[in-house]
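See below for the structure under consideration.
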Protein chains: 2
Amino acid sequence: MLTRINALRTRLRRSERKVADLVLERPDDVPGSSIATLAQRAGVSEPTVIRFCRAIGCNGFQDFKLRMAAGLASGEPYVASTVSSKDSPEALSGKVFDRAIASLVQARNHLNTEALTTAVDLLLDAPRIDVYGHGVSGLVAQDAQHAFLRLGIPVMACTDPHIHRISAATLPHGSVLIAISQTGRTAELLCSAELALAAGCRVIAVTACGSPLAEISTVTLYTDVRDDTDSYTPMASRLAHLAVCDVLAMALSMRLPAASNSHLQHTPEARIGGLPGSTRA
Amino acid sequence: MLTRINALRTRLRRSERKVADLVLERPDDVPGSSIATLAQRAGVSEPTVIRFCRAIGCNGFQDFKLRMAAGLASGEPYVASTVSSKDSPEALSGKVFDRAIASLVQARNHLNTEALTTAVDLLLDAPRIDVYGHGVSGLVAQDAQHAFLRLGIPVMACTDPHIHRISAATLPHGSVLIAISQTGRTAELLCSAELALAAGCRVIAVTACGSPLAEISTVTLYTDVRDDTDSYTPMASRLAHLAVCDVLAMALSMRLPAASNSHLQHTPEARIGGLPGSTRA
DNA sequence: AGCTAGCCTGTAGCAGAACTACAAACCCCT
DNA sequence: AGGGGTTTGTAGTTCTGCTACAGGCTAGCT
């Protein structure tokens, strides 16, 4: 929100810019103020404040105030999220964390839940489940394996293209392949996905919307961090992908017959995150 | 906020409780609604809604709306974060994401920055940097390797106890070992850390505060998600650990001479997350 | 059971907030 | 300098949030 104001600042009218400067200088004061006080402090008239809100894409002053409150709470105090060597350790850690948090919030709000539902349905019917990924996404794949396993669902994670090619080719009919990729353009992954599809299997893609992988997949769980600066996305999207895999595993374990996740159903402390007291490194 | 409402629910009056139930059921709708609509949907009169706001400690309806918006954004929407098999996919994914977001927010606010500063100082002087971890933390260690490498800092990740024991024993004097562990009680990790310390090396622990690992380490970056339910922490803490490692790598690269991170300094798009356009899987 | 005290709930009215229509002022261009 | 268009402020309207007050329900006592 603040970054947005900053970006649009130059394209605003003179008196609207006064409002923008005031908001950028003291963002905390916005939610508590009314139009009148804000207009007075900026030295402009009340409708100008409303026009400012419209100009930056809000639906009026109320909406603007709400968004500001939300933005401040979710921790986007630093306008320029660009880190610089002059930043203090505090500022730097704040920026990195804020970025990570913002990406998760976005991922939560933009996750297509109907795709999630069908993905779970596919997984329920699958005789075997494989998870593939390379590079950082390879780590996500392995993490997904952990998450599924913890919930009593056997899956196999593959990070080596030669291995997952073989595995994909030998998947029994109806199996599900979860393909994780930040870009959705990794050739080896696309190849294995097509092999699996040809063998009558389903592919659940956790990747960017509109990518080649998303195109060929049965279902795509996109977590687009459709934000201003896409240079962040590699770092941001891996966190979103981790969370999406957790959601998948959790949703699946909920739908399985009680026997397979009895350790979750029967212990009162059992919640997200697996068995309490389990000593995981 | 929502947890507060839930806690006070039984002490509310009958018609106020109707409002509470409505809010708990559909928290997202609150910020967009007015008193009138909320009152109508709850089947009560408008002043009752205001009385409800006062009862839960707010300064009126406006204040209540703002706090709700803030709460939702910072990621605590669903009261009972306990997932149940009756949850819809939306609710489930919301809960999982909210949990992840909340843990990152907490980690950000509780990260000890003075420890971060000294950690960076230690890393700057280190002739070699190793990162160890097991299980899920092993994946974090590998992810950290990625992050450091991307910023031009060579580090070695180890997830095998036998290997990192050898590596720790042969670390040159002044080297730094980053030990990642959710519990801080993994015997093998403690052993290698002690070997490194005996050899005149420093240990930066990314682990729970007060754990055995934290005790023996030179510096501890604790990311305690000191929350109500600690059964979630395994899942939550791994995200926090990932972020902490990112912060470490970023802070270090900022302090290094320009030559080693020139690709960051000279390209205008260079920001958190590495080189733009890099095709990472 | 009937009555009364006290609390809870809804109606009516008021102040102020957000927003809209219109007119004045400004700027730029010819 | 004058006229078109844009920008800004003024006046008015609607609706929102809030308060004062009165009716009704519950509960306890006789």
Side-chain angles (χ1 to χ4, degrees), chain A residues 1 4-72, chain B residues 1 4-72:
Chain A
M1 197 65 214
R4 181 183 186 79
I5 297 173
N6 208 37
L8 293 171
R9 207 190 83 93
T10 51
R11 305 169 76 183
L12 294 173
R13 296 152 199 177
R14 206 169 45 252
S15 55
E16 284 172 12
R17 206 172 302 164
K18 286 187 201 168
V19 183
D21 290 341
L22 182 73
V23 171
L24 288 173
E25 199 191 340
R26 302 189 61 96
D28 322 311
D29 294 356
V30 172
S33 314
S34 69
I35 289 188
T37 55
L38 221 63
Q40 193 192 346
R41 294 209 302 155
V44 297
S45 70
E46 299 180 14
T48 303
V49 176
I50 297 177
R51 278 190 277 262
F52 161 75
C53 297
R54 297 262 154 80
I56 59 166
C58 292
N59 243 339
F61 184 70
Q62 293 265 32
D63 187 40
F64 170 65
K65 242 166 54 169
L66 250 55
R67 288 190 198 216
M68 282 296 294
L72 290 172
Chain B
M1 194 67 211
R4 181 185 184 79
I5 297 173
N6 207 38
L8 292 170
R9 206 189 82 93
T10 50
R11 306 171 72 184
L12 293 173
R13 299 155 196 178
R14 205 169 44 254
S15 55
E16 285 173 9
R17 207 173 301 165
K18 285 186 203 167
V19 183
D21 290 341
L22 181 73
V23 171
L24 289 173
E25 199 190 338
R26 302 190 62 95
D28 322 312
D29 293 356
V30 172
S33 313
S34 69
I35 290 189
T37 55
L38 221 65
Q40 193 192 347
R41 295 209 303 155
V44 297
S45 70
E46 299 179 13
T48 304
V49 177
I50 297 177
R51 278 189 277 261
F52 160 76
C53 297
R54 297 264 153 81
I56 59 165
C58 291
N59 244 338
F61 185 69
Q62 293 266 31
D63 187 40
F64 170 65
K65 243 167 51 170
L66 251 55
R67 289 189 197 217
M68 282 297 293
L72 289 172

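In this text, all values refer to a predicted model and were calculated from it rather than measured experimentally. Numbers restart at 1 for each chain; the letters A, B, ... are given by sequence-line order, proteins then strands.
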Please list, for nucleotides 5-8 of chain D, all pairs of protein and nucleotide N/O atoms separated by less than 3.5 Å.
from  : atom 1 : to    : atom 2 : distance (Å)
D/dT8 : OP1    : A/S15 : N      : 3.1
D/dT8 : OP1    : A/S15 : OG     : 3.0
D/dT8 : OP2    : A/S15 : OG     : 3.2
D/dT8 : O5'    : A/S15 : OG     : 3.1

Protein and nucleotides 14-18 of chain C: nitrogen or oxygen contacts under 3.5 angstrom:
from   : atom 1 : to    : atom 2 : distance (Å)
C/dA18 : OP2    : A/I35 : N      : 2.8

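Contact between A/V30 and A/M68 at its shortest, heavy atoms only, is CG1-CG, 3.9 Å. Here the closest non-hydrogen pair linking B/I5 and B/A20 is CG2-CB, 4.0 Å. Closest approach of A/P31 to A/P27, counting heavy atoms only: CD-O, 3.5 Å. Across every non-hydrogen atom of B/T10 and B/A7, the tightest pair is OG1-O, 4.1 Å.
Side-chain atoms of B/R11 and B/E16, non-hydrogen and from C-beta on, never get closer than 4.5 Å to each other. Residues A/F64 and A/I35 have side chains not in contact (no heavy-atom distance under 4.5 Å, counting atoms from C-beta outward).
Under a 4.0 Å N-O distance rule, the pair A/R67/A/D63 qualifies as a salt bridge.
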Can you give each donor-acceptor pair under 3.5 Å made by side-chain atoms of residues 40-57 of chain B, sequence neighbours left out, with the distance rounded to 0.1 Å?
from  : atom 1 : to    : atom 2 : distance (Å)
B/R41 : NH2    : B/D29 : OD2    : 3.4
B/S45 : OG     : B/T48 : OG1    : 3.1

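To the nearest angstrom, P of C/dT9 lies 16 Å from CZ of B/R54.
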